[in-house]
Number of protein chains: 2
Amino acid sequence: MSGTTPQGSEMEIVHLLRAVTVELGLHSARFAQRHAMHPTDVRALIALMDAARAREEMTAGRLGAALGLNSAGTTALVDRLERAGHVRRVRGERDRRKVVIEVSEEAVELGQAFFGPLIDRTVGLLEGYDEREKAAIRGFLHGVRDAAAGQD
Amino acid sequence: MSGTTPQGSEMEIVHLLRAVTVELGLHSARFAQRHAMHPTDVRALIALMDAARAREEMTAGRLGAALGLNSAGTTALVDRLERAGHVRRVRGERDRRKVVIEVSEEAVELGQAFFGPLIDRTVGLLEGYDEREKAAIRGFLHGVRDAAAGQD
DNA sequence: GTCGAACATCTCGCTCAACGAGATAATAGG
DNA sequence: CCTATTATCTCGTTGAGCGAGATGTTCGAC
């Protein structure tokens, strides 16, 4: 932050954005460590809860693909989560080759207890802004997401 | 998941923020994979470049602490980075127990080539907003960072 | 109906990042 | 100098994730 940048205002926000991603990552890491899980396990639970909210069935294969794991790694991941009681394996009804992964109630509550307060505080922050300001925040985040996703 | 959402507008931004952190994480992962590095190696290089920009010497011990590695892991990390030519070990002049880690020019250029365009696009985005909107973005990011850092 | 190809998941053996414990080397204080 | 302290490295182990291949399931062709 020592003023060597020509446009300090913009770069300050860039660094702030990076700081936010770092802090959110550390927050997830704390959740992982507190519950004796690995970062991958947390990402898996988040993916599973997202799927549940979208009323989509998440199979072992889809989960592995979403996390960038191969079949062996996915099996080990689901083994770990199942052993810890965070998920259940359910053989697909329609297609019995599939293994549908269901998040346990206990894991959902764990996640809400840990991430809920952060979400509430963020929503609280947003309520302090008017529509034009919120539109700016929304537009900026949208743009950054697309810039990061589109880049090569 | 939908326990506290009477207002969709705020939750949309919360999800957008999470999407941004996911995309930025994937962007770093692409950088790591393309250069045959691990996520930890990328985090290490970023920490080293931050230190360099702040004109601070980064020693092996401080680097390990910043990344949450113990001494053995830190040694292995620096070994990897040195073998790949991304950093150099330099024995401390004043205190010869210390090992100062310096980032190679080549690694700096690698990082700029990959992250520079994204930063430029982000700055470009920001230039489209007026001061009040930028203040809102800055304030929001600031608040989220503190909320994530302060929690528990 | 039965056969074989395609598919979804699991098992086995391996590699390598990170850990714990302890060794080695250098500084500072009495 | 001799001891406590600090900084880094070495050794042996653990465990997540990979590649290859085994097992069980569906579906179309005949």
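Convention: sequence-line order gives letters A, B, ...; per-chain numbering from 1.
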Colleague: Taking the nucleotide of DNA chain D with the closest heavy atom to each, which residue, A:T74 or A:R91, is nearer the 5' end?
Modeller: A:T74
Colleague: By nearest heavy atom, map B:S71 and A:L77 onto DNA chain D; which one lands nearer the 5' end?
Modeller: B:S71
Colleague: So what does A:A72 touch, heavy atoms closer than 4.0 Å: a base, only the sugar-phosphate, or nothing?
Modeller: base
Colleague: Scan B:E10, B:E12, B:E133 and name whichever one has a salt bridge (Lys or Arg N to Asp or Glu O under 4.0 Å) with A:K134.
Modeller: B:E10
Colleague: To the nearest angstrom, how far is B:D79 atom CG from D:dC11 atom P?
Modeller: 12 Å
Colleague: Tell me the interatomic distance from A:D41, atom CG, to D:dG15, atom P, rounded to whole angstroms.
Modeller: 13 Å
Colleague: Do A:E23 and A:L118 touch side chain to side chain, with heavy atoms closer than 4.5 Å?
Modeller: no
Colleague: According to ring pair (Phe, Tyr, Trp, His ring centres under 6.0 Å), who are the partners of B:H142, at least two apart in sequence or on a separate chain?
Modeller: none
Colleague: Would you mind classifying the nucleic acid contact of A:N70 as base, sugar-phosphate or nothing, using non-hydrogen atoms under 4.0 angstrom?
Modeller: base
Colleague: Around atom CZ of A:R96, are there more than 12 heavy atoms from other residues, nucleotides or ligands closer than 6.0 Å?
Modeller: no
Colleague: Categorize B:G68 for me: base, sugar-phosphate, or nothing, with a 4.0 angstrom heavy-atom threshold over every strand shown.
Modeller: sugar-phosphate
Colleague: Do the rings of B:H35 and B:F114 sit parallel, tilted or perpendicular, given the 30° and 60° boundaries?
Modeller: perpendicular
Colleague: Kindly calculate the angle separating the two end axes of the helix from C:dG1-D:dC30 to C:dG30-D:dC1, each obtained from five base pairs, and round it to 10 degrees.
Modeller: 10°
Colleague: Walk along DNA chain C from 5' to 3' and tell me the first and last nucleotide with an atom closer than 4.0 Å to a non-hydrogen atom of chain B.
Modeller: C:dA17 to C:dT27
Colleague: Is the shortest heavy-atom distance from the side chain of A:L141 to the side chain of B:F140 under 4.5 Å?
Modeller: yes
Colleague: If I take atom CG in residue B:L69 and atom C1' in nucleotide D:dT10, what distance separates them, rounded to the nearest angstrom?
Modeller: 17 Å
Colleague: Should B:K98 and B:E57 count as an ion pair when the cut-off is N to O under 4.0 Å?
Modeller: no
Colleague: Just how far, in rounded Å, is C1' of D:dG24 from CZ of A:R97?
Modeller: 10 Å
Colleague: Is B:T40 touching bases, backbone alone, or none of the nucleic acid, heavy atoms closer than 4.0 Å?
Modeller: sugar-phosphate
Colleague: D:dA7 P sits how many Å from B:L63 CG, rounded?
Modeller: 14 Å
Colleague: Starting at the 5' end of DNA chain C and moving along, which residue's nearest nucleotide shows up first, B:R94 or A:R89?
Modeller: A:R89
Colleague: To the nearest Å, give me how far apart NZ (A:K98) and C1' (D:dT26) are.
Modeller: 11 Å
Colleague: Would you find more than 12 non-hydrogen atoms of other residues, nucleotides or ligands less than 6.0 Å from B:E106 atom CD?
Modeller: yes
Colleague: Would you check if B:L45 and B:H86 make a side-chain contact, meaning some heavy-atom pair closer than 4.5 Å?
Modeller: yes
Colleague: Separation of A:E93 atom CD from D:dT26 atom C1', in whole Å?
Modeller: 16 Å
